[in-house]
Amino acid sequence: MRSEIEKRCELLVENRKLAGKASLLDHDLIKVVAASFFTEKDKTADVDQLKDCKKLIRKKQGIFSEIRGNNELIIAAKMAASGNPEGYLDKLIDVYGEFQKGKILGSSYRVLAAASICDTGRASEAESLVEKTYEIMKGMRKDHPFLTTDEDTSFAVLLAMKDKSTEEILAELEEIYQLIKKNFAFHEDAAYSLSQVLATFDGQAELKSEKVMELFEAFKNAGAKYGKGYELASLGILVGIDKNIEDLVSEVVEVAEYLSGKKGFGILNMNRHTRLMLGTMIVSEIYSDGNVATGASVASSALSAVIAAQLCMYVAIMSAASASASSSN
């Protein structure tokens with residue numbers, strides 16, 4: 001393993017331990033995701049600062065706010081990693097307010113979408129970006145009413161940041177989906193999420209679709225089959241990296257194997273597909289500064305943050321369903 005990748009892995013492991021000290025009751029994966037926001041910025045988490053950020057969220061948001069609950073540690077980590085915790089939270093609340101105009105119920109995924117706008121430094125454009133996001137969502141629901149859910153808001157906002165019209169974005173998204181869906185029978189929802197990730201990058205739809213399938217096959221050939229569930233969307237992040245596919249896959253697999261032996265990342269904490277997903281995000285972050293293919297229109301870090309946070313939502317939903325089933329027996 002290259003030294004820079006190993007150092008990033010070590011930092012993630014350390015930050016996961018520190019995030020755990022700041023929030024003992026959160027699920028292990030939520031702690032890992034919170035840790036990843038510090039790691040991506042090459043920072044070491046500060047336990048006291050994380051706790052202070054959580055207190056600030058609770059001070060400024062009511063108990064039923066979607067910024068709290070399952071999102072609380074995630075948002076606290078983003079606040080702490082930003083360098084200006086209160087300023088970040090204030091911007092997030094304002095942008096989330098734009099998403100909530102005309103809405104009765106809150107949404108964890110709209111919080112994540114608001115965070116993406118803040119993370120990319122485009123809070124001043126929130127009104128127009130939210131409007132375009134909802135236009136894209138409307139088109140997605142028209143094309144695929146059974147595949148499009150509130151969860152897609154997190155990716156739709158990244159598509160809205162592209163310098164293309166809504167019609168052009170939707171046309172490319174549909175073209176990509178039609179090209180890859182045959183390879184993921186019975187996993188159409190995950191394939192549609194992957195299509196959204198691919199659509200955030202510039203380039204021809206056919207070439208991006210071909211490359212992501214080459215990556216998928218390369219993982220299989222390396223004996224590390226990529227998951228077809230919630231993890232699949234993360235595979236798209238690698239498409240923007242200009243590096244030999246076999247070498248890239250080898251590095252991701254090496255990271256996943258390294259993490260498997262670390263506390264908080266073992267078989268009791270996550271499955272091998274999730275570790276591969278984390279490996280993909282770590283490797284993509286290393287290459288995002290200097291080796292991302294020309295035309296990568298949305299930073300890989302922004303996509304990684306969305307996918308990681310969506311993983312938390314998935315975990316929260318599954319945990320709630322499991323608890324409900326247990327209580328009914």
Side-chain angles (χ1 to χ4, degrees), residues 1 5-40 44-47 50-51 54 69-78 108 112 151 187 190 193 219-220 222-235 237 249-285 304-329:
M1 185 186 299
I5 295 179
E6 185 173 4
K7 287 179 182 177
R8 190 64 63 93
C9 291
E10 291 172 350
L11 183 58
L12 178 64
V13 172
E14 175 65 16
N15 280 335
R16 182 265 167 208
K17 181 177 71 175
L18 295 170
K21 290 181 179 179
S23 191
L24 297 174
L25 299 180
D26 276 308
H27 191 283
D28 285 333
L29 280 174
I30 293 179
K31 297 171 187 175
V32 171
V33 171
S36 72
F37 298 137
F38 292 99
T39 306
E40 188 269 329
T44 300
D46 183 314
V47 176
L50 263 176
K51 290 180 178 179
K54 290 177 65 178
N70 296 318
N71 274 325
E72 188 172 88
L73 183 59
I74 296 173
I75 300 304
K78 285 178 173 286
S108 293
L112 299 181
E151 180 179 342
H187 298 278
S193 293
F219 274 104
K220 186 191 299 184
K225 192 173 181 180
Y226 219 84
K228 293 183 179 181
Y230 62 84
E231 319 92 348
L232 185 62
S234 63
L235 185 62
I237 301 173
V249 166
S250 178
E251 288 186 323
V252 171
V253 172
E254 200 170 4
V255 169
E257 290 175 348
Y258 173 89
L259 292 176
S260 68
K262 301 299 179 180
K263 184 177 180 180
F265 296 85
I267 192 171
L268 297 178
N269 310 103
M270 62 185 69
N271 61 36
R272 58 190 177 89
H273 294 316
T274 302
R275 280 192 295 274
L276 276 178
M277 185 182 79
L278 293 173
T280 290
M281 291 190 288
I282 288 174
V283 171
S284 69
E285 287 165 5
S304 294
V306 168
I307 292 167
Q310 283 197 349
L311 171 61
C312 288
M313 297 302 102
Y314 174 84
V315 167
I317 291 169
M318 292 299 101
S319 297
S322 177
S324 177
S326 298
S327 63
S328 64
N329 291 332

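Predicted, not measured: the structure shown is a model, and the values here were computed from it. Heavy-atom basis, side chains included; hydrogens, waters and symmetry copies ignored.
In this structure, CD in Glu6 is found 12.5 Å from CG in Leu11, a value given to the nearest 0.5 Å. Taking CG of Leu112 as the start and CD1 of Ile75 as the end, the distance is 6.5 Å to the nearest 0.5 Å. Atom NE2 in His27 sits 9.0 Å away from atom CE in Met270 (nearest 0.5 Å).
Ion pairing between a basic and an acidic side chain is recognised when a charged N comes within 4.0 Å of a carboxylate O; Glu10 and Lys7 show no such pairing.
Between the side chain of Arg272 and the backbone N or O of Ala224 there is no donor-acceptor pair closer than 3.5 Å. Remark: the backbone N or O of Phe265 is paired with a side-chain donor or acceptor of Arg275 at under 3.5 angstrom. Using modelled atom types, one side-chain atom of Asn269 and one backbone atom of Gly266 make a donor-acceptor pair closer than 3.5 Å.
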Exercise for review: Determine, step by step, whether Tyr230 and Ser193 satisfy the side-chain hydrogen bond (donor to acceptor under 3.5 Å, both in side chains) criterion, reporting the C-alpha distance in whole Å, the side-chain angles of both residues, the deciding distance to 0.1 Å, and the verdict.
Suggested key: CA-CA 9 Å; Tyr230 62 84; Ser193 293; over 6 Å; no
Review point. So Lys54 and Leu50, side chain to side chain contact (heavy atoms under 4.5 Å, CB included) or not? Walk me through it.
Key: CA-CA 6 Å; Lys54 290 177 65 178; Leu50 263 176; 5.7 Å; no
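At a threshold of 4.5 Å between non-hydrogen side-chain atoms, the residues Leu278 and Val255 do not count as touching. In this structure the side chain of Leu235 reaches within 4.5 angstrom of the side chain of Phe219, judged on heavy atoms. Counting only heavy atoms from C-beta outward, the side chains of Ile5 and Glu251 approach each other to under 4.5 Å. Between Asn71 and Ile74 the shortest side-chain heavy-atom distance falls below 4.5 Å. Under the 4.5 Å side-chain criterion, counting only non-hydrogen atoms from C-beta, Arg16 is in contact with Asp28.
Residues Thr39 and Leu12 share a closest heavy-atom pair of OG1-CA, 3.3 Å. Met277 and Glu231 make their closest contact through SD-CA, 3.9 Å (heavy atoms, listed as atom of the first residue, atom of the second, distance). Residues Ala34 and Ala19 share a closest heavy-atom pair of CB-CB, 4.4 Å. Across all their heavy atoms, Leu29 and Thr274 have their closest contact at CD2-CG2, 3.8 Å.
With sequence neighbours left out, the side chain to side chain contact (heavy atoms under 4.5 Å, CB included) criterion links Asp26 to Ser23, Ile30, Lys31, Leu73.
Around NZ of Lys17, the count of heavy atoms belonging to other residues, nucleotides or ligands within 6.0 Å does not exceed 12.
Applying the side-chain hydrogen bond (donor to acceptor under 3.5 Å, both in side chains) test to residues at least two apart or on different chains, none of the pairs has a partner in residues 254-264.
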